[in-house]
Amino acid sequence: MVDPSALGARLASSAVAPLVKKLFVKDQPGAALVTKPVRISGLVSFKGEKRDVTPKDVEKIADELVHRALKAAGPGELPVDATEAVAVRSALARALSALGTLTIEDYEAVALGPDEFARTLRSQSAVTVATFALSRDAELFLDRLLHTASLHILNFFTQRSTYIARQQTQQSRQLAQLVKAVDVLLERLPSQSAEDAAFEAQYASYIASHHGTLTIYGLDVYAGTSEWPLDTAYLSLEATRDRPGEGATQVAAEQVLAQHDHVLLRGVAGSGKTTLVQWLAVTAADRTYEHGLTHLIGRVPFVLPMRRIVRPGSELPIPADFLSAVGCLVAGGQPPGWVDRVLRAGRGVLLVDGLDEISEDRRESAKRWLRDLTRTFPGNLWLITTRPSAVPDRWLDTTGFAELTLSPMTRDDVEMFVRRWHRAAGADESIGTALLEAVRGASELNRLATNPLMCGMLCALHRERRGFLPQDRKSLYEAALTMLLERRDVERDVRAATRLPFATQVQLLQKLAWWLIRNSRAEMDRSEAVHILGEAAPSMNLDGSGEEVYSWLLLRSGLLREPAEGRVHFLHRTFQDYLGARLAVQELDFDLLLNHADRTEWEDVILLAVAHARPKEAERVLQQLLGGGTTRGKLLAAAGAAYAAELAPAVRQAVEEGVRTLIPPRTERMAHDLAEAGGDLVLHLLPGPDDVDGELGYLVPLTAATVGDDAALHFLTRFRHHPDHDVQLVLAASWGIFDRELYVSAILSHLPRRAPVRVHGTEDLRALRSIGGWPRINVVGTYRVDDLVELIVPEQLVSLSLDAPHPVEGLAWLSAFPRLRHLHVGTELNAETARQIPSGVHINTGSPQGT
């Protein structure tokens, strides 16, 4: 057999170039300079107004490339069989189709080179080995073909008449940006002595090396995985500012100093405050000025962690002592008066990190220190970070500080963070993909992955266990609690006057969590929390008052926060449930748990209580859940059995028999009842696509679709290639339940497109157009003819159902769809309107078609 990676190299340019050329529109004269940049997606010939091939033709091009490469192999040298050749063809077509969504310009693509450009196409199209069931040989074959195609695509770009002109234009823009940066730099750099300039260069190098990596604290991970390059791992998050009467406005966190000279930034534990400080420091110290943040050009960063500069019995540092106060290794070389000269010129970026990490009695003196510095040295940029509850609202308002809050990570943020973390840690990409699958499929992981600290914890734990997280959530939460309550402050060298032992912190937090659960509350009054902790303090041999214990837990545990003045809740509801379940087991409150088994908010508490319980206690809980005879009780028992470390065979058998009467569902009513009763519980119990067949097989995806959350969407992705027509009908009909864009990307774009889909407006039509159109469309409700003609892909439409009465324009517009063969309208047609229907189109009228 021939090496599959070598086959693509045997394709002659005369064979590849004409095929590649078909993917792009014909060259136009002139520089093609427009108000907006010309993107690769605007050059392809299978989308937009310049279409001269169809998306189907892209598959033909891919098929021809595969065919010619195999033909070049010679007898007995084929690296893949006929089935795999089809899979490679499909994967290659998907990758080439990504040209239609690339937002980079042609000269940027050329700069990437063929290797990176091929990787970009594969990443953009989400072509994975698992998706197309490729063997290692088939993957190598695909990579070589895609590399060969990329080489010719980039060569084609360089030959376009617009390429050189546009490249020169871009170079002119870059030169103009450089000139602007130099102008700003000259404005901010007054006459400097050679001594000052030399020291600033040395100091900039120190900042880049000292703050150029990120560390996840408190994790027992493999060597090298706890630290990674900042420029690789930094994730831009959003900061929100609430203004009375104006609502909330959002800005990228690294841009907050572009809008406000003075910023107080609040963020929960692990939300990325310190990482942002590092990023701004390194960016300001970077003298290439390629970052685009012009407000940082020519400025000098001073990173001032409050835990380092506030020492018992000492005053806060004056500017001349900034570097020595934080232990800067080059502090001894700074010229006399240098910091004062920088600040008086308004060139400083002062990054004061962790106001919450100093004792409360020192915060007023810190406030006076900040006030005096900002008034003495105007024109500098200030960013102060703190946890939300450390200081009251408008604490620095009198000194002109704008207050913003770091927002939780979005779904896209989580995906980007996980992929970057694994790339920076040198981990296999498949491990990161597996973690993302686990996070999307498990609601408890989804709830945890809301900030960089928790995402980093999941990444490290997942990799430490060689590609999978522990089966029991108990171990996951214990690792997180150990990090947040015990090890993080120690390893960050936070010096607190009092440090509560780990077991004591857990016991105190359990009491707050169980009180909230018992009282069906999501948050409590501060006074209630102080009272609970005050009553518990003597039995735990704590000297402090309830107020003192509360303040310590609020600021240092990372698990409590005050969403409003005088109110407190847990940062993650899942930690509340975990801690509450621990205390429920300690207090033997099993009857109280069982009395609330019908309430979804108690679901996790009951399951985690089973995890904490001793074997006999767990068996009793499961038996009583079964004894009620309810659907929900049986589902809870089945889910709980997976949490129990030990179960008697008879109990396990009873649980299995109970769930066997429910799953798989045998009627649509049962499917809906299962989804309503069990929610996420059901998803873990339903069979997968390989175990679904027969005329009732569609009821499994119907159950999941009825659940309707992110975990259900992830479950449904496993069925998108299922051959059963009824399964495909369910998947096509369910997109209105989920986020439109996610569902189109995860499900609809993968379906064979035999089933009809319902659309309710222009956004639905645009979503279908983004994946090349859909053959069978049912338009529900009123519509505009112009929207249908503009947004439905003409070459795709075969069947059209119009729920509303036909419009006043009649039906002559249907001639825009040459492949249309079946038409359904909601009302009877008069003779004149019927004559407008193109020949060859079969029509029926009456009640709308179902899907």
Side-chain angles (χ1 to χ4, degrees), residues 46-47 51 54-59 698 701-702 705 719-738 740 743-744 747-831 833-851:
F46 50 87
K47 61 171 290 197
R51 185 199 320 263
T54 69
K56 196 74 176 176
D57 290 324
V58 179
E59 296 181 6
Y698 75 96
L702 178 62
F719 286 80
R720 58 195 182 191
H721 299 299
H722 198 284
D724 185 83
H725 181 63
D726 288 336
V727 169
Q728 300 295 327
L729 279 173
V730 169
L731 294 179
S734 299
W735 76 320
I737 300 172
F738 300 89
R740 182 193 297 108
Y743 198 85
V744 167
I747 304 291
L748 281 189
S749 62
H750 300 271
L751 295 184
R753 309 192 182 192
R754 295 191 299 266
V757 296
R758 289 177 179 161
V759 300
H760 293 82
T762 56
E763 291 307 311
D764 286 350
L765 289 171
R766 288 192 179 94
L768 293 179
R769 188 176 183 85
S770 71
I771 57 173
W774 200 267
R776 296 168 174 80
I777 296 177
N778 294 356
V779 179
V780 179
T782 57
Y783 59 89
R784 291 177 65 249
V785 166
D786 289 347
D787 291 336
L788 299 186
V789 173
E790 177 187 354
L791 298 174
I792 295 178
V793 178
E795 296 82 1
Q796 281 285 335
L797 190 65
V798 173
S799 174
L800 179 65
S801 174
L802 303 173
D803 181 17
H806 62 278
V808 295
E809 293 96 329
L811 295 174
W813 53 274
L814 292 173
S815 60
F817 303 101
R819 297 186 60 209
L820 182 65
R821 293 295 175 268
H822 300 280
L823 174 68
H824 176 274
V825 293
T827 58
E828 294 294 331
L829 302 179
N830 58 42
T833 303
R835 282 195 297 271
Q836 296 174 346
I837 299 173
S839 62
V841 176
H842 174 73
I843 182 170
N844 59 52
T845 59
S847 300
Q849 291 177 329
T851 57

Apply side-chain contact (heavy atoms from CB on, under 4.5 Å) to residues Leu800 and Asn778 and explain how you reach the verdict. CA-CA 6 Å; Leu800 179 65; Asn778 294 356; over 6 Å; no
Which atom pair, heavy atoms only, marks the closest approach of [X] to [Y]?
X	Y	value
Phe817	Pro794	CD2-CA, 3.7 Å
Ala732	Val757	O-CG1, 3.6 Å
Gln728	Pro752	OE1-CD, 3.2 Å
His722	Asp724	ND1-N, 3.1 Å
Val793	Gly773	CG2-CA, 3.5 Å
Ser770	Val744	OG-CG1, 4.3 Å

Can you tell me how far [atom2] of [Y] sits from [atom1] of [X], rounded to the nearest 0.5 angstrom?
X	Y	atom1	atom2	value
Trp774	Asp764	CH2	CG	12.5 Å
Ile843	Leu811	CD1	CG	6.5 Å
Asp803	His760	CG	NE2	8.5 Å
Ser749	Arg720	OG	CZ	7.0 Å
Trp735	Leu748	CH2	CG	6.0 Å
Tyr783	Leu788	OH	CG	7.0 Å

Please enumerate all residues that pass side chain to side chain donor-acceptor pair (under 3.5 Å) together with [X], with sequence neighbours excluded.
X	result
Tyr743	none
Glu763	Arg766
Asp726	none

Would you please test Ile777 and Leu768 for side-chain contact (heavy atoms from CB on, under 4.5 Å) and show each step? CA-CA 10 Å; Ile777 296 177; Leu768 293 179; 4.2 Å; yes
Does Val785 form a side-chain contact (heavy atoms from CB on, under 4.5 Å) with Glu790? I'd like the steps, not just the answer. CA-CA 9 Å; Val785 166; Glu790 177 187 354; over 6 Å; no
Is any side-chain heavy atom of Ile792 less than 4.5 Å from a side-chain heavy atom of Leu765?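 The answer is yes; the side chains approach within 4.5 Å.
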Heavy atoms, side chains only, cut-off 4.5 Å: are Pro756 and Ser801 in contact? no
